[in-house]
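The structure displayed is predicted, hence computed values, not measured ones.
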Amino acid sequence: MPDFLNVAGKTFLVFGVANRKSVAWFVGKSLEEEGARVVYSVRSEARKKSLDAQLAGRPVFVCDVEEAGAAGRLAAEVAGHGPFSGIVHSIAFANYAGGLKPFHETPRADFLQATAISAFSLVEIARAFKPLLAPRASVVTIGISSLQVTPDNYGYMGPIKAALDSCVRFLAKSFSADTAVRFNLVGSGPLKTSASAGIPGYLASYLYAEQLTYRRRALDTQEVANAALFLLSERSSGINAATLVVDAGLGANYFDKEIIRLAMRPEQRGQAGSPDHAV
């Protein structure tokens, strides 16, 4: 069916392109392939310059969401490109420069900075761009596939991604008072991106997650982008305030027999020590 998504000729705003591995890049490229017009927002002038070749010929603006009022300034700059049929929020940051710490040792400044950039920025963007959104626009953000797991190396970003998930629902409720704008989240399993490479010990977690997928193959970033495209389109008009999980089944496969077999090898049990039934 030609133009099944019906995004051709419409304009979308994409936040968060860093390089060719970024989820935002895959979403923007896919929108363009479907005939949509894409306006890009990047973090800094330096980032914009580094993307000169990649985003040549496209409208690219700078917005550092960590700065108060940045979203409002961007809205004023891009107003002439609207109305926007959708916004992609693919922004996250955590300061792991100090190394891996137990969650209870999370520095206040790091937690608040990561919250402002990774979660509250969605609220500020939604508020600033509300007058520029098409009547049935769709706002999509990128989160994680499970908010119940507690990976040591992800640290305080787990609770912050939970905050992002909650912001999606509350924004959907808030906007419903006087608009038909939808808000949804793509809950992605582990991906091979430049951002994830900065997470301490991420490679081991990525390979482990890959073995938990039913297909024994990790997610492609394009698969996450495909889900985002669906949510941006009016083909998903009945979906609002929701998380669409894209994880190739890993979230339902914790007791995979092969993973259990490897975990229960004699040498692994020996390292754990002998059982002690004393009370």
Side-chain angles (χ1 to χ4, degrees), residues 5-7 9-17 22-32 34 36-43 59 61 63 65 70-79 81-92 115-144 160-188 224-246:
L5 295 175
N6 193 29
V7 297
K10 296 179 179 179
T11 303
F12 295 83
L13 176 61
V14 174
F15 286 84
V17 175
S22 303
V23 174
W25 164 246
F26 278 84
V27 177
K29 177 173 64 72
S30 299
L31 282 168
E32 290 174 353
E34 294 293 325
R37 183 170 182 269
V38 181
V39 177
Y40 293 90
S41 172
V42 298
R43 187 188 67 187
F61 296 84
C63 179
V65 295
R73 292 192 294 272
L74 177 66
E77 285 185 69
V78 305
H81 293 276
F84 294 97
S85 293
I87 293 177
V88 178
H89 174 276
S90 184
I91 305 172
T115 302
I117 296 172
S118 309
F120 191 67
S121 62
L122 178 64
V123 180
E124 293 187 308
I125 289 167
R127 179 171 65 241
F129 280 86
K130 186 179 179 184
L132 302 180
L133 292 173
R136 295 188 298 278
S138 172
V139 179
V140 177
T141 187
I142 309 299
I144 57 177
I160 292 170
K161 287 294 189 179
L164 176 64
D165 186 270
S166 185
C167 285
V168 165
R169 294 190 295 275
F170 276 84
L171 284 168
K173 173 68 173 181
S174 183
F175 269 60
S176 72
D178 57 359
T179 80
V181 175
R182 297 179 295 117
F183 289 80
N184 291 293
L185 181 147
V186 178
S188 171
V224 175
N226 292 343
L229 250 67
F230 169 65
L231 291 175
L232 287 168
S233 79
E234 291 193 30
R235 289 292 183 178
S236 62
S237 59
I239 302 175
N240 197 10
T243 295
L244 177 56
V245 173
V246 182

Spacing of Leu244 atom CG and Phe230 atom CZ [to the nearest 0.5 Å]: 7.5 Å
Under 3.5 Å side-chain donor-acceptor pair for His89 and Ser121: yes
Working note: Val7 + Leu229, criterion side chain to side chain contact (heavy atoms under 4.5 Å, CB included); need CA distance, chi angles, decisive distance, verdict. CA-CA 9 Å; Val7 297; Leu229 250 67; 5.9 Å; no
Using a 3.5 Å distance criterion without hydrogens, assess whether the side chain of Asn240 forms a donor-acceptor pair with backbone atoms of Arg182. no
What's the separation between atom OG1 in Thr141 and atom CD1 in Ile91, rounded to the nearest 0.5 Å? 8.0 Å
Which heavy atom of Ser118 sits nearest a heavy atom of Ile160, and at what distance? CB-CG2, 3.8 Å
Val181 and Phe175 have their tightest heavy-atom pair at CB-CD2, 3.9 Å
Value rounded to 0.5 Å, distance of NE2 in His81 from CZ in Phe61: 3.5 Å
Min side-chain heavy-atom separation Val168-Thr243 under 4.5 Å: no
Are any non-hydrogen side-chain atoms of Phe129 and Leu74 less than 4.5 angstrom apart? yes
Val17 backbone acceptor or donor facing Ser22 side chain under 3.5 Å: no
Hey, could you give me the CD1/CG distance between Ile117 and Leu122, rounded to the nearest 0.5 Å? 14.0 Å
Hey, does Leu171 have a side-chain heavy atom less than 4.5 Å from the side chain of Val139? no
Closest non-hydrogen atom pair between Ile142 and Lys161, with its separation: O-NZ, 3.3 Å
Shortest non-hydrogen contact between Val27 and Ala228, atoms and distance: CG2-CB, 4.0 Å
Any side-chain heavy-atom pair of Arg37 and Pro59 under 4.5 Å: yes
Atom CG of Asn6 and atom OG of Ser237: how far apart are they, to the nearest 0.5 Å? 11.0 Å
Closest approach of Ala241 to Asn184 (non-hydrogen atoms, all atoms of both residues): N-OD1, 3.2 Å
For the residue pair Leu231 and Ser138, what are the closest heavy atoms and their distance? O-OG, 2.6 Å
Polar side-chain atom of Ser176 near backbone of Lys173 as donor-acceptor pair, under 3.5 Å: yes
Thinking salt bridges, do Asp165 and Arg169 make one under a 4.0 Å N-O criterion? yes
Side-chain heavy atoms of Leu31 within contact of Leu232, under 4.5 Å: yes
Side chain to side chain contact (heavy atoms under 4.5 Å, CB included) between Asp178 and Lys130, worked out: CA-CA 11 Å; Asp178 57 359; Lys130 186 179 179 184; 3.0 Å; yes
So how far is it from Phe15 CZ to Ile125 CD1, rounded to the nearest 0.5 Å? 4.0 Å
